[in-house]
Chemist: 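Before we start, here is the structure in question, set down as C-alpha cells.
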Amino acid sequence: MTSTQSKPPSVDRPQLMQTLYQQLRPGQRDMGDWQKGPLAVSAVPGSGKSTGMAIAAALTIARQRLHPRHQLLIVTFTRSAAANIQGKIRQNLELLKLPKWGFSVSTIHSLAFKIASRHPQQSHLDLNQQTLIEDNHNQRLIRSCVEDWINQHPHLYQPLIAGLDFDGEEGEQLRRQSVLRTEVLPNLAQTVIQEAKSSGLSPDQVRALGQQQSDPYAILDIGAQLYDLYQQRLRSQQLIDYNDAILAALNVLQDPSIRDLWQQETFAVFEDEAQDSSPLQQQLLNILAQTPDGLANLIRVGDPNQAINSTFTPADPIYFRRFCHQCAQQQRQTTIQQAGRSSPILIEAANFTLNWINQQWAQPQSPTPPHPATSQTPPPFEVQLIEAVAADDPQANANPAPIAGGLQLHRPFDISETVDRLAQTLTDLFQEHPQATAAVLVRQKNQGQFLAHELSQTHHHLDIYHVEAEQRLSGIPLEMLNLLQFVHRPHSGEALKGALEVFVGRQLIPRQDLDRLASQPERFLYPTILEAPQPPEVKRARRLCRALLQARLELPQTHLISFFALTLDYQASELATADKLNERLLQQTQDHLSLGEFLDHLFNLVTSESFDRIDTDASDSQYTQPGRLTILTMHKAKGLDWDFVFLPFLHENLIPGSLYVKPQIQFLGDFTLEEVARGQLRQHIWNRDAANPEPSQNCQTYDDYWQLAAQLKQAEEYRLLYVAMTRAKRLLWLSAAKEAPFTWNKTENQQPMPASPPFNALCKYYPEAMNTGYTNL
C-alpha cells in the first residue's frame with residue numbers, strides 16, 4: 001500500500017444505530033431504549049413484535065459490544081419463528097456493519113437440551129442413550145400405564161365402574177370398562193402428567209395435593225399413580241419427553257458454579273410469545289437472565305389476548321399477565337398498540353369485539369348470580385386496543401385501504417348457501433386482485449373438510465389448498481397400524497375401537513357410542529338371530545369391520561394395506577403414500593412375512609415419526625400463496641395474515657360453546673375427570689405462585705372445578721375468534737348460517753342454529769355491512 005492510497009472510510013455506527021432506531025414504533029422504542037432489568041412488552045396483533053425485537057436485539061448487541069462468550073439469548077415458540085427472527089437480526093447487524101455474532105436464537109426446548117447436554121452428570125441425561133418420545137409413542141405408553149394401574153389398584157378402579165348408579169348388568173359393566181380403559185383414564189393421565197410436570201410437581205407432590213381434597217373418586221391420587229407409572233416406563237425404556245429437558249436444565253443450574261458460568265455467558269434473554277410459556281419455562285429463563293446486582297435482564301414479549309392454547313396445553317396466560325402487572329408497578333411495562341396489518345375498519349371491528357365481550361363477561365348471564373367459583377373469573381381480554389400506525393410509518397402499505405367495504409356480515413339460509421356466497425365473493429375478488437392472498441379459517445377440522453369438498457365439487461376454477469388434508473398424509477401409517485391391529489386381534493375391544501375411530505375420522509361412519517360396540521366385539525361383529533335389530537350406523541360399522549376381516553382371510557398380506565387404503569377412500573396422494581408405506585414394510589420384513597412381524601415394524605415406524613409422505617403435487621404449497629384459497633383451522637392461523645379472510649359457521653354452540661360430557665361417560669357425573677384434575681392442579685399452582693390468591697381460585701367441589709373449566713374454555717374461544725379476525729388485512733368476511741348441523745360429522749342433519757353472540761353484536765353495530773345477496777363488491 002502506498003502512502004497516497006486512501007484509508008477505508010470510517011463507520012459512523014451511532015448514526016447507523018439511530019437510523020435503525022427510527023424504524024421502531026412507539027412501544028417498540030421502549031425495547032430499543034432498553035439497557036437492563038426486566039421489561040414486559042404486551043403487543044397487539046399485527047404490531048410487528050418480531051421485527052421490533054430483532055431491531056432491539058441488534059441495537060443491544062451493538063451498544064453492549066456482545067460476542068459469543070457474552071451474548072444475547074433470544075427464545076421463540078417454534079423453529080420457524082426462530083429462523084425468521086435470526087434472519088432479521090443478521091440483516092440488522094449487516095446494516096450496522098457488525099459481525100453476525102453476539103446472539104443465539106432457539107426454541108425453549110432446544111435451549112434446555114443444549115444446557116443439559118453440556119453437563120450430562122448434573123442433568124442425568126445421556127442423549128446418546130436416551131430417545132425423545134414422540135406423540136404417538138407417548139399415547140401408547142400411557143395406554144400401557146393405564147392397564148398396569150387397573151391391575152394394581154382394583155380398589156380405586158371399582159368405584160369408577162360403579163359411578164353414580166350401577167345395577168350390575170354385565171353388558172353395561174363391559175361398556176364402562178371399555179370407556180375407562182380407552183378414554184377416561186388415558187385422558188386423565190395425559191392431563192395430570194402435562195400439567196404437573198410442566199409446573200415442577202412430582203408424583204408424590206400430586207398425591208399429597210390429592211390428599212388435601214375432598215374427592216370421592218380420588219382423582220388426583222389416581223393421576224399421581226399413573227404419573228408415577230409413566231415415569232417408571234420412561235426410565236426403563238431410556239426415554240425422555242420435552243418436560244424432562246426443562247427439568248434437566250434446571251437441575252444443571254442448581255449447581256452454583258455452572259449457574260454462574262451460564263449467567264456470565266448470557267447478557268440478557270429476550271422471549272417471544274411469552275403468553276404461551278409454562279411455569280418451568282419461565283423459571284429457566286429467569287435464572288439465565290439473572291445478573292450479579294440481583295436484576296433479571298429479561299424482555300418478555302407477548303399478547304395475553306392471543307393466548308389460545310391454555311385449555312389443552314399447560315400454557316396459561318395468567319403467568320404473563322402477572323409478569324406484566326409486576327413490571328407495570330416498577331414502570332417497566334409497555335404496550336405496542338400501533339399495528340399496520342389491517343384496514344382501519346377491521347381494526348375498529350376487532351376493538352369493538354374485544355370491548356363488547358369484556359362488557360358482557362362482567363354482566364350476570366341470568367337473574368341468578370353466577371356460580372361462586374367463577375364469579376370473579378377475569379375477563380377474556382386485557383384492555384389494550386389496536387391503533388393505526390402514524391402517517392410516516394416505515395412499513396410499506398401500512399393499514400391498507402379496504403376492499404369490498406372491508407367488513408362483510410352474512411346470514412345465509414344454510415351451509416350450502418354459505419359455500420355459494422363465499423365462492424362467488426372470492427371469485428369476484430380474485431378477478432379484480434389476482435395476486436391477493438385469501439384464507440378460510442374454521443373452528444373444527446371437519447368444517448374444513450366439508451368446505452374443501454364442496455368447493456372442489458362445484459367451483460373447479462378455484463385453486464384450493466386444504467392444509468388439514470395435506471397434513472393427514474403423515475397420519476396414514478397410524479391409520480394402517482390401527483386397522484392391522486384389529487385384523488390381527490379382532491376380539492380385542494381396544495383394537496376394535498381403534499379401527500372404528502379410524503372410520504369415524506374418515507367420515508365413513510357417523511359418531512356413535514364406540515365403547516358399547518367395542519365392549520363385546522364378538523356380539524358386534526357376528527350377532528345371533530336373537531339380538532335386537534341394530535340402527536343403520538351400527539350395521540354400516542359392522543360391514544366395514546367384517547370386510548377388513550374377510551380381506552385378512554382372502555388376500556395376501558402384501559395386499560392388505562392397499563385394500564385398506566381403498567376401503568378408507570383415500571385420494572391420489574394418500575394412495576401413493578400408502579403404497580410407499582407398503583413397499584418399505586415389505587423390504588424390512590421380506591424374510592419374516594408373519595402379520596406380527598409386519599405389525600412390529602409398522603409400530604416402530606409410527607413411534608419413531610420417521611416416515612415421509614408422498615405429495616403428488618411437486619410444488620411446495622404455501623399458506624399464503626397469491627391467488628390461492630387456503631383452508632385451515634383458526635389455531636393454525638396464528639402468526640399468519642391474508643388480504644381476504646373468511647370466517648364461516650360462527651355459531652353459538654362453537655363460539656363460545658360449552659363444555660360437553662359425552663353420554664358414554666356420564667355414569668361418572670356431569671363432569672370429566674381430566675378437567676377436574678386440571679382445575680385442581682392449576683388452582684394449586686396459581687395460588688402457589690401468587691402473593692395474593694384470587695377469589696376465583698377457591699374451588700372445592702367437582703361442580704366448582706367444572707364451572708371454572710367452562711369459564712376458561714369460553715374465554716379462550718373468544719380469544720380464538722379475536723385471533724382469527726385480526727388475520728385479515730383488507731377484507732374480513734363473517735357468516736353464521738340460520739341452519740347448520742349441530743355436529744359436523746352429520747352435515748345433512750341441519751337445524752336452526754343461533755349465531756355467536758359477538759357476531760350478532762357486530763351485525764347490530766355495523767348494519768351497513770350486512771349482506772342480503774351474494775356479493776357486496
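Just the heavy atoms: all of them, side chains too, but no hydrogens, waters or symmetry mates, feed the values below. Each residue takes its place number in the sequence, starting with 1.
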Chemist: Below 4.5 Å, heavy atoms only, C-beta onward: do Arg719 and Ser310 meet side chain to side chain?
Modeler: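 The answer is yes, as the side chains (C-beta and beyond) meet within the 4.5 Å cut-off.
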
Chemist: Do Trp356 and Tyr718 have their ring centres less than 6.0 Å from each other?
Modeler: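 Judged by ring-centre distance (under 6.0 Å), Trp356 and Tyr718 do not meet the cut-off.
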
Chemist: Starting at CD1 of Ile308, measure out to OH of Tyr722 and round the result to the nearest 0.5 Å.
Modeler: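 Rounded to the nearest 0.5 Å, the CD1-OH separation comes to 12.5 Å.
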
Chemist: Can you tell me if Thr291 and Lys36 form a side-chain donor-acceptor pair at under 3.5 Å?
Modeler: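 No, Lys36 and Thr291 have no side-chain donor paired with an acceptor closer than 3.5 Å.
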
Chemist: Applying ring pair (Phe, Tyr, Trp, His ring centres under 6.0 Å) as the test, list every pair that has at least one member in residues 43-71; sequence neighbours left out.
Modeler: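 Listed by first then second residue: His70-Phe267.
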
Chemist: Could you tell me whether Lys445 atom NZ has more than 12 heavy atoms of other residues or ligands within 6.0 Å of it?
Modeler: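 No, not enclosed.
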
Chemist: Looking only at atom types and distance, does a side-chain atom of Ser456 sit under 3.5 Å from a main-chain N or O of Ala452, one as donor and one as acceptor?
Modeler: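 Pair found, side chain donor or acceptor close to backbone of Ala452.
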
Chemist: Over 60° means perpendicular and under 30° means parallel, so tell me whether Tyr465 and Tyr623 are parallel, tilted or perpendicular.
Modeler: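 Tyr465 and Tyr623: tilted rings.
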
Chemist: Just jot down the ring-ring contact (aromatic ring centres under 6.0 Å, His included) partners of Phe77, sequence neighbours excluded, or say none.
Modeler: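 Expected list: none.
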
Chemist: Looking at Asp641 and Arg341, is any side-chain nitrogen of the basic one under 4.0 Å from a carboxylate oxygen of the acidic one?
Modeler: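 Judged by the 4.0 Å cut-off on N to carboxylate O distance, Arg341 and Asp641 do form a salt bridge.
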
Chemist: Could you tell me whether the side chains of Asp303 and Gln306 share a donor-acceptor contact shorter than 3.5 Å?
Modeler: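 Yes.
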
Chemist: Could you give me the CA-CA distance, side-chain angles and deciding distance for Gln283 and Gln281, then say whether side chain to side chain donor-acceptor pair (under 3.5 Å) is met?
Modeler: CA-CA 5 Å; Gln283 181 182 349; Gln281 293 169 2; over 6 Å; no

Chemist: Kindly indicate, with the supporting measurements, whether the criterion side chain to side chain donor-acceptor pair (under 3.5 Å) is fulfilled by Ser343 and Lys729.
Modeler: CA-CA 6 Å; Ser343 300; Lys729 294 195 284 188; over 6 Å; no

